[in-house]
**Q** 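Sharing a structure here in structure tokens format.
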Amino acid sequence: MNKSFFRKVSFGLGVDESIPSNPLEWSISQIEKLPKLNWSGPIYSLKEMMEFHGKYNYQDRRVLRKKFKKDRKAYKKEKKILKYKTGFHYFEPLWLYIRHNEAVNGNSPVFHRFLHFWGNHFAIQKKNAMYSYDVGPYHREVIAPAMLKNIEDLVYEVTISWAMIHNLDNTKSIGPNSPKAFKYAERGKSANLNENHGRELLELHTVSPNAGYTQNDVIDMSKVMSGWMHRIPKMSSKIHKREENVPVHFIEAYHDSGPFNILGKKYVESFGTKAAREMLRKVIKDLVKNPACIEFISKKLCNHFITQDPSGEIVNSVISAWKKSKGDLKTIHSEVLKQAYKFSNLKKFQQPETWLLQFIKMSGLDYFPKDMSYDFETMIPRDKDRVRRICRNLGQLPFRPLQPNGWSDFEEDWLSPEFLFRRIGILNALKQKGKLIHLDKSYLDRIIELNFNNVSEIKTFLEKVNNNEESVALFSSKWMLKT
Amino acid sequence: MKINRRQFTLGSTTLLLSGMLPLKVNSSMLDNKKNLVVIMLRGAMDGLTSVPYIHDNTLEKVRPDIVVKKLLDLNSDFSLHPKLSGFHKLWKSNEASIVHATNIPYTGRSHFDGQNLMESGGTIPYKLKTGWLGRGIDVAGLEGLSMSLPMPLLLRGKANQDNFFPSKLSMPTRNLVDILKHHYDDEPLLNKSFNKLISRPISMTKSPNNKNLKTLARIAGSELKKIDGPRVAVFEVFGFDTHAAQGGADGEHGQKLKQVDYTFDVLKKTLGNTFKNTLIITLTEFGRTLVQNNGYGTEHGYGTSILLGGGLVKKSQVYADWPGIKNKNLFEGRDLNSTLDARSVYCSAMSVCFDTDFQLLNTEVFPDEKLNDLTEILFKV
């Protein structure tokens with residue numbers, strides 16, 4: 001058995017853990033049900049977050065900007081207070097700590113590795129402070145439960161989620177052949193599609209450009225998606241002061257009635273709201289069955305969990321499991337685990353955050369704050385913001401990818417002098433602050449025996465190290481960087 | 001020869017510098033040192049907002065809510081966005097020009113494919129793993145160092161690039177450094193990165209405290225000005241993807257153009273005499289649709305404009321084979337067409353700034369296409 005498996009599909013083993021007798025069973029059992037959160041600190045739902053975010057947007061745009069349009073200094077001061085009141089600086093560190101706590105202290109770290117993968121596959125790019133308010137709960141409430149269903153459900157639920165609809169501007173799309181467009185035309189105005197979401201659904205979320213889709217496919221995909229939107233409620237509504245931070249609905253008046261041609265298949269919509277509403281699901285059902293989608297996502301899973309250049313044999317096993325199970329995610333994840341186990345000798349350079357979590361888990365670093373409560377009146381204290389500082393220093397703030405294609409899985413994008421320095425530098429800083437003092441010889445030996453196969457090679461390597469830098473050496477070693 | 005390339009990242013803005021350090025410096029070298037500054041405009045800059053066509057009233061008709069008013073005069077056909085006032089000053093002193101109705105040969109309207117191609121210079125997304133500027137630096141026999149956490153594709157070349165970004169972190173003891181140096185021997189990429197890391201000069205341990213865009217442009221300017229300083233700088237400005245609230249003069253697109261304008265303006269002031277040997281050029285993935293959408297924004301399009309500034313610009317001119325913006329002239333009935341492969345402009349710019357033969361650069365950097373040599377039309381040769 002290659003012990004690197006525990007780092008490949010999880011975050012390694014902590015010193016108080018023992019090596020599971022059946023690693024494959026150990027890992028597969030974790031992806032079969034939605035794990036209960038280990039986190040006992042404060043937590044907020046997506047619904048509550050939309051209220052916080054909505055309040056922030058409304059107060060800033062409609063109240064402060066108007067009230068202080070001639071007094072920039074007063075505006076800045078009030079906006080700072082508004083940020084405190086709505087937890088602008090608080091929620092991202094909170095989400096990060098919850099995410100990291102589940103990875104390090106939770107009962108199902110393997111499930112959370114997959115959640116990190118899908119959260120990145122369905123990335124919410126840095127936009128409108130979504131990283132602060134919405135992305136953490138979006139991962140927990142939209143993606144995590146759908147990971148136990150079919151790929152079709154996952155894609156569909158993500159596609160109609162508030163986070164994705166807002167992130168990719170679908171609310172701004174109006175079907176040219178929709179009742180609303182006709183009304184616009186009567187007034188001499190034209191109504192247009194917004195193709196952002198339709199395009200990314202094809203390009204990033206399902207079939208990828210390998211499917212050879214055309215601009216017409218993108219347009220028709222956008223037409224199918226038209227009508228899925230968050231509308232700012234009427235002034236009489238209780239939630240009208242939440243700006244765009246209101247639930248997504250299907251509004252038929254904005255929906256294009258087709259017909260649609262997508263990747264060579266014609267879709268004709270029958271009459272009625274139900275048929276209109278169900279068209280998106282119908283198309284997604286076909287997209288996830290498309291060979292290009294199956295190959296694209298299977299390969300991406302292998303890239304992430306096994307190695308950068310997986311062989312045809314590895315990828316084909318996942319493709320085959322996908323096809324046989326008709327897209328059942330538990331089966332697909334299981335096959336990825338089986339392949340990761342079978343090919344645990346293959347190396348993969350880990351993303352900065354994954355490496356950080358492996359380091360925290362294996363070293364037992366004193367990392368989590370005792371208390372993550374917040375007064376909503378002042379700046380978040382430094383110790384509660386440490387997780388964000390470390391991630392920023394490593395060059396990967398997980399909830400803030402700059403593009404909708406998320407964080408790269410490729411070594412070339414991460415292996416540069418500065419990225420390497422950040423990892424070594426952080427270890428060195430922790431050592432200098434005395435945070436690694438507990439990592440004496442016997443502690444390190446235990447880490448090595450639990451997590452590595454080449455125990456004597458590593459021990460010989462560490463014997464050459466002086467100045468109590470053994471822990472820095474171990475976690476910057478090639479065996480740790482490339483798992 | 002030794003090269004310095006530096007980058008500082010700030011929120012949505014990134015700056016990179018690169019250049020070469022001659023072993024021995026004399027005054028003729030100062031005269032000959034030419035600087036190339038590329039400003040990457042991520043999200044698709046709207047060429048018709050930055051440089052509107054004013055020969056007829058088409059734009060006013062199709063963009064009733066976002067058409068830009070109070071424009072700055074260029075010529076009888078084109079005007080300039082009011083937020084580009086610094087650029088306009090350069091125009092008036094024959095130090096700025098515009099290439100219009102141009103784009104990289106990509107019509108797919110995807111940011112990711114488009115940005116990949118604007119940086120790689122290829123025609124098939126993700127096929128090339130290096131950037132056109134990186135390959136150009138290779139052809140010119142230079143080496144590079146980018147000062148950023150992520151290594152931008154634009155600057156990737158065959159030569160392993162170094163990178164740097166200021167932080168408070170420090171390396172472990174010499175003993176451990178020596179051990180790790182040998183330890184990474186059998187991991188080529190890891191080994192290369194670590195060797196670059198430990199060869200850093202002491203100067204790279206300093207970091208600027210003030211990180212606003214003007215400060216970064218000033219740092220870039222003062223570095224480019226040095227005889228032994230960098231020769232290439234790259235800025236990145238994000239946020240041109242204005243599907244909504246693109247707005248008129250004070251809208252979101254205008255605010256982004258203002259950031260671009262800072263760069264021209266501050267570089268001009270900081271570079272002083274060196275500005276005469278400098279070329280600043282913009283790069284974006286594609287333009288935006290002619291017609292406004294419901295969110296008072298525009299969609300992904302095709303043709304756009306390139307802004308060029310600096311003493312190496314030949315004269316104030318809008319260089320374009322103008323396709324027109326009537327319905328019949330539009331690309332796929334919706335976008336400003338591109339009548340000039342933007343890579344011809346970039347290849348010509350490198351030829352001038354790197355003192356390297358255009359044909360050689362065309363063959364080595366953009367091997368898939370025969371590009372037009374525009375060096376004599378656009379630049380002082």
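Chain identifiers are assigned alphabetically (A, B, ...) following the order of the sequence lines, protein sequences preceding nucleic acid strands; residue numbering begins at 1 within each chain.
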**Q** Check the pair A/Glu469 / B/Thr173 against side-chain contact (heavy atoms from CB on, under 4.5 Å), numbers first and verdict last.
**A** CA-CA 8 Å; A/Glu469 284 182 307; B/Thr173 63; 2.4 Å; yes
**Q** Taking only residues two or more places apart in sequence, or in another chain, which ones meet A/Ser4 in a side-chain contact (heavy atoms from CB on, under 4.5 Å)?
**A**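 Checked A/Ser4 against side-chain contact (heavy atoms from CB on, under 4.5 Å); matches are A/Asn2, A/Arg7, A/Ser344, A/Thr483.
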**Q** With a 4.5 angstrom heavy-atom cut-off, could you sort out which part of A/Ala191 is near chain B: side chain, backbone, both or neither?
**A**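 When you check distances to chain B, atoms from both the backbone and side chain of A/Ala191 fall under 4.5 Å.
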**Q** What's the shortest heavy-atom distance between B/Arg109 and A/Arg199, and which atoms?
**A**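 Looking at all heavy atoms of both residues, the shortest contact is O-CZ, 2.9 Å.
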**Q** What part of A/Thr214 is in contact with chain B, defined as an atom under 4.5 angstrom from a non-hydrogen atom: side chain, backbone, both or neither?
**A**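 Nothing of A/Thr214, per the 4.5 Å heavy-atom cut-off to chain B.
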**Q** Are the side chains of A/Lys478 and B/Asp186 in touch, meaning some heavy atoms are under 4.5 Å apart?
**A**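 They are in contact (side-chain heavy atoms under 4.5 Å apart), so the answer is yes.
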**Q** Would the distance check show the side chain of A/Asn428 and the main-chain N or O of B/Ser170 forming a donor-acceptor pair, the cut-off being under 3.5 Å?
**A**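 Looks like yes, one N/O pair under 3.5 Å.
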**Q** I'd like to know whether CG of B/Asn327 has more than 12 heavy-atom contacts from other residues, nucleotides or ligands below 6.0 angstrom.
**A**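 Check fails, neighbour count at 12 or below.
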**Q** Relative to chain A, which segment of B/Leu176 carries a heavy atom at a distance below 4.5 Å: side chain, backbone, both, or neither?
**A**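 Both backbone and side chain.
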**Q** From B/Gln292 CD over to A/Asn192 CG, what is the distance, rounded to the nearest 0.5 angstrom?
**A**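 Reported value, rounded in 0.5 Å steps: 8.5 Å.
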**Q** Does A/His197 have any side chain to side chain donor-acceptor pair (under 3.5 Å) partners at least two apart in sequence or in another chain, and if so, which?
**A**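 Checked A/His197 against side chain to side chain donor-acceptor pair (under 3.5 Å); zero matches.
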**Q** Once rounded to the nearest 0.5 Å, what's the spacing between atom OG of B/Ser110 and atom CG of A/Leu202?
**A**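 Rounded to the nearest 0.5 Å, the OG-CG separation comes to 11.0 Å.
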